[in-house]
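Accompanying notes for the structure given below.
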Amino acid sequence: MMQTDLDRSRMPVHIAIVMDGNGRWAKQRNLPRLAGHNAGMQALKEIVKRSSALGIKHLTVYAFSTENWKRPEEEISGIFRILVAYVNKELEEIHANNVRVTILGEYEKFPENVVAKLRQAMGKTENNTGLEFHIALNYGGRPEILRAARALCRKAKAGTLDPEAVTEEVFQAELFTAGLPDPDLIVRTSGEMRLSNYLLWQSAYSEFVFTDVLWPDFTPDCLEDAIREYQGRSRRFGGIK
Ligand code: IPE
Ligand code: IPE
Ligand code: MG
């Protein structure tokens with residue numbers, strides 16, 4: 001594990017990031033928005049590497065929301081292209097670093113070639129035991145909760161589930177994040193202070209760090225700054241210290 005001044009005994013187990021500000025980064029440079037998404041992918045590559053080197057167990061990134069379908073078709077297909085290129089370029093190294101890739105969200109609604117590429121990334125890395133790198137794609141917190149509710153209703157209707165037996169654990173098991181610990185730390189870049197439908201259920205007791213840095217400028221050292229801020233927080237979970 002790498003050298004760092006972070007407190008090893010207080011590392012977040014699960015870091016979730018809202019990678020925001022690609023468009024504004026491009027605009028500042030008079031570049032097309034897609035150039036911003038491209039630069040964002042470069043930033044992501046470094047964040048995955050540093051997370052892995054720091055021994056973080058779970059990294060979840062918001063890459064495409066259920067609301068992002070509202071964007072122009074050209075931007076959406078450009079994002080898909082960049083995603084495929086990212087897997088093509090990075091999968092070998094990701095795999096070599098023992099990183100396991102999983103997808104959260106209804107990514108099957110993406111074009112066939114994108115779905116195939118994502119499945120390739122998940123399949124190749126499924127037995128890796130290092131960092132779990134979760135990419136939220138066509139993800140929305142409310143659709144996720146509704147989907148879980150529907151699944152449970154179906155079981156109740158079929159008579160295989162007693163409604164009174166629906167605990168938080170039972171509910172959680174139907175979410176895309178089934179089996180994952182809740183995020184300890186949620187970082188959002190670009191100065192926006194909202195969740196935008198990210199991890200609504202899972203963020204109940206997350207610590208939030210907001211930074212004005214635009215996502216393409218978010219370096220591994222920025223990640224360590226966010227973790228440092230997290231380590232200064234007093235987490236009480238409703239109790240007293
Ligand atoms: C985040 O950057 C990436 C995605 C939502 C896919 P944006 O594209 O939202 O960048 P801004 O917010 O317009 O600057
Ligand atoms: C959130 O960013 C989604 C992703 C980063 C993928 P947006 O840019 O879509 O969020 P809003 O529209 O500013 O809330
Ligand atoms: Mg945005």
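As a basis for the values below, the full set of heavy atoms in this structure was taken, side chains included, without hydrogen atoms, waters or symmetry mates. Keep in mind that what you see is a predicted model, and the values were worked out from it rather than measured. Throughout, numbering of the chain's residues begins at 1 and tracks the sequence.
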Legend entry - Least distance between heavy atoms, Gly21 atom then Ser190 atom: CA-CB, 3.6 Å
Legend entry - Pairwise side-chain contact, Val101 with His95, heavy-atom cut-off 4.5 Å (strictly under): no
Inset, instruction - Determine the minimum heavy-atom distance between Phe210 and Arg194, stating which atoms define it. - result: CE2-N, 4.1 Å
Inset, instruction - For Thr102 and Glu132, test the side chains for any donor-to-acceptor distance below 3.5 angstrom and give the result as yes or no. - result: no
Legend entry - Flag, side chain of Arg235 to backbone of Tyr205, donor-acceptor distance under 3.5 Å: yes
Inset, instruction - Verify the neighbour count for atom NZ of Lys57: are there more than 12 heavy atoms of other residues, nucleotides or ligands below 6.0 Å? - result: yes
Legend entry - Straight-line distance of Leu152 CG to Leu161 CG, nearest 0.5 Å: 6.0 Å
Legend entry - Sub-4.5 Å side-chain heavy-atom contact between Val114 and Leu83: yes
Legend entry - Thr60 side, atom OG1; Tyr139 side, atom OH - distance, nearest 0.5 Å: 9.5 Å
Legend entry - Check: Arg71 side chain, Ile76 main-chain N or O, donor-acceptor pair, under 3.5 Å: no
Inset, instruction - To the nearest 0.5 Å, tell me how far Asp162 CG sits from Glu164 CD. - result: 5.5 Å
Inset, instruction - Looking only at non-hydrogen atoms, find the nearest pair between Ile227 and Leu54 and report the distance. - result: CD1-CD1, 4.0 Å
Legend entry - Sidechain-backbone polar pair: Thr177 side chain, Leu180 backbone, donor-acceptor under 3.5 Å: no
Inset, instruction - Output yes when a side-chain donor or acceptor of Glu144 lies under 3.5 Å from a complementary backbone atom of Phe176, and no otherwise. - result: yes
Inset, instruction - Determine the minimum heavy-atom distance between Ile47 and Trp215, stating which atoms define it. - result: CG1-CH2, 3.7 Å
Legend entry - ring pair (Phe, Tyr, Trp, His ring centres under 6.0 Å) between Phe110 and Phe64, intermediate numbers included: CA-CA 11 Å; Phe110 285 178; Phe64 194 91; 5.5 Å; yes
Inset, instruction - Check the side chains of Ser196 and Arg188 for a donor-acceptor pair under 3.5 angstrom, ignoring hydrogens and angles. - result: yes
Legend entry - Donor-acceptor side-chain pairing of His37 and Glu75 below 3.5 angstrom: yes
Legend entry - Check against side chain to side chain contact (heavy atoms under 4.5 Å, CB included), Val187 and Val18: CA-CA 6 Å; Val187 178; Val18 182; over 6 Å; no
Inset, instruction - Could you pull out all residues at least two apart from His134 that satisfy ring pair (Phe, Tyr, Trp, His ring centres under 6.0 Å)? - result: His58
Inset, instruction - Indicate the atoms forming the closest heavy-atom contact of Ala226 with Leu185, along with that distance. - result: O-CD2, 4.1 Å
Legend entry - Check: Asn138/Trp69 side-chain N/O donor and acceptor closer than 3.5 Å: yes
Legend entry - Distance in Å, Thr125 OG1 paired with Ile94 CD1, rounded so as to fall on 0.5 Å steps: 8.0 Å
Inset, instruction - Start with the C-alpha gap between Leu137 and Leu104, add the side-chain angles, then the distance that decides, and say whether side chain to side chain contact (heavy atoms under 4.5 Å, CB included) holds. - result: CA-CA 6 Å; Leu137 288 167; Leu104 311 178; over 6 Å; no
Inset, instruction - Tell me, please, whether Trp25 has Arg29 positioned over its six-membered ring: NZ or CZ under 6.0 Å from the ring centre and within 45 degrees of its axis? - result: yes
Inset, instruction - Would you sort out whether Ile186 and Ile17 count as a side chain to side chain contact (heavy atoms under 4.5 Å, CB included), showing the intermediate values? - result: CA-CA 6 Å; Ile186 297 183; Ile17 304 181; over 6 Å; no
Legend entry - For Asp225, salt bridge (Lys or Arg N to Asp or Glu O under 4.0 Å) partners two or more places apart: Arg228
Inset, instruction - Give a yes or no on whether the backbone of Thr66 and the side-chain of Asn197 come within a donor-acceptor separation of less than 3.5 Å. - result: no
Legend entry - Lys155 and Glu174 ion-paired at < 4.0 Å: yes
Inset, instruction - Compare all side-chain heavy atoms of Gln202 with those of Gln172 and state whether any distance is below 4.5 angstrom. - result: no
Legend entry - Separation between NZ of Lys241 and CZ of Arg236, rounded to the nearest 0.5 Å: 7.5 Å
Legend entry - Under 3.5 Å donor-acceptor, Asn128 side chain and Val99 backbone: yes
Legend entry - Side-chain donor or acceptor of Asp184 paired with backbone N/O of His14 under 3.5 Å: yes
Inset, instruction - Please tell me if the side chains of Tyr107 and Arg119 come closer than 4.5 Å, counting only heavy atoms from C-beta onward. - result: yes
Legend entry - Met41 and its side chain to side chain contact (heavy atoms under 4.5 Å, CB included) partner, picked from Ile79, Asn22, Ile82: Ile82
Inset, instruction - Determine whether more than 12 heavy atoms belonging to other residues, nucleotides or ligands lie under 6.0 Å from atom CD of Gln42. - result: yes
Legend entry - Tyr198 side-chain N/O to Ser65 backbone N/O, donor-acceptor pair under 3.5 Å: no
Inset, instruction - Run the salt-bridge test on Glu229 and Arg233 with the 4.0 Å N-O cut-off and return the result as yes or no. - result: yes
Legend entry - Value rounded to 0.5 Å, distance of CD1 in Ile135 from CG in Leu118: 7.0 Å
Legend entry - All pairs passing salt bridge (Lys or Arg N to Asp or Glu O under 4.0 Å) where residues 101-118 contributes a residue, at least two apart: Glu106-Lys109
Inset, instruction - With the side chain counted from C-beta on, respond yes when Glu92 and Lys124 share a heavy-atom pair under 4.5 Å apart, and no when they do not. - result: yes
Inset, instruction - Would you check if the side chain of Ser206 reaches a backbone N or O of Pro183 as a donor-acceptor pair within less than 3.5 Å? - result: yes
Inset, instruction - Grab the two heavy atoms, one from Leu175 and one from Ile145, that are nearest each other, plus how far apart they are. - result: CD2-CA, 4.3 Å
Legend entry - Side chain to side chain, Met122 and Ile103, heavy atoms closer than 4.5 Å: yes
Legend entry - Working for side chain to side chain contact (heavy atoms under 4.5 Å, CB included), residues Leu195 and Leu199: CA-CA 8 Å; Leu195 271 176; Leu199 302 173; 5.9 Å; no
Legend entry - Side-chain heavy atoms of Arg8 within contact of Thr4, under 4.5 Å: yes
Inset, instruction - Would you please say whether a donor-acceptor pair under 3.5 Å links the side chains of Ser9 and Asp7? - result: yes
Inset, instruction - For the pair Glu93 and Lys49, find out whether any cationic side-chain nitrogen is under 4.0 Å from an anionic carboxylate oxygen. - result: yes
Inset, instruction - State, yes or no, whether a side-chain contact exists between Glu90 and Leu44 at a heavy-atom distance under 4.5 Å. - result: no
Legend entry - Backbone of Val48 reached by a side-chain donor or acceptor of Ser52 within 3.5 Å: no
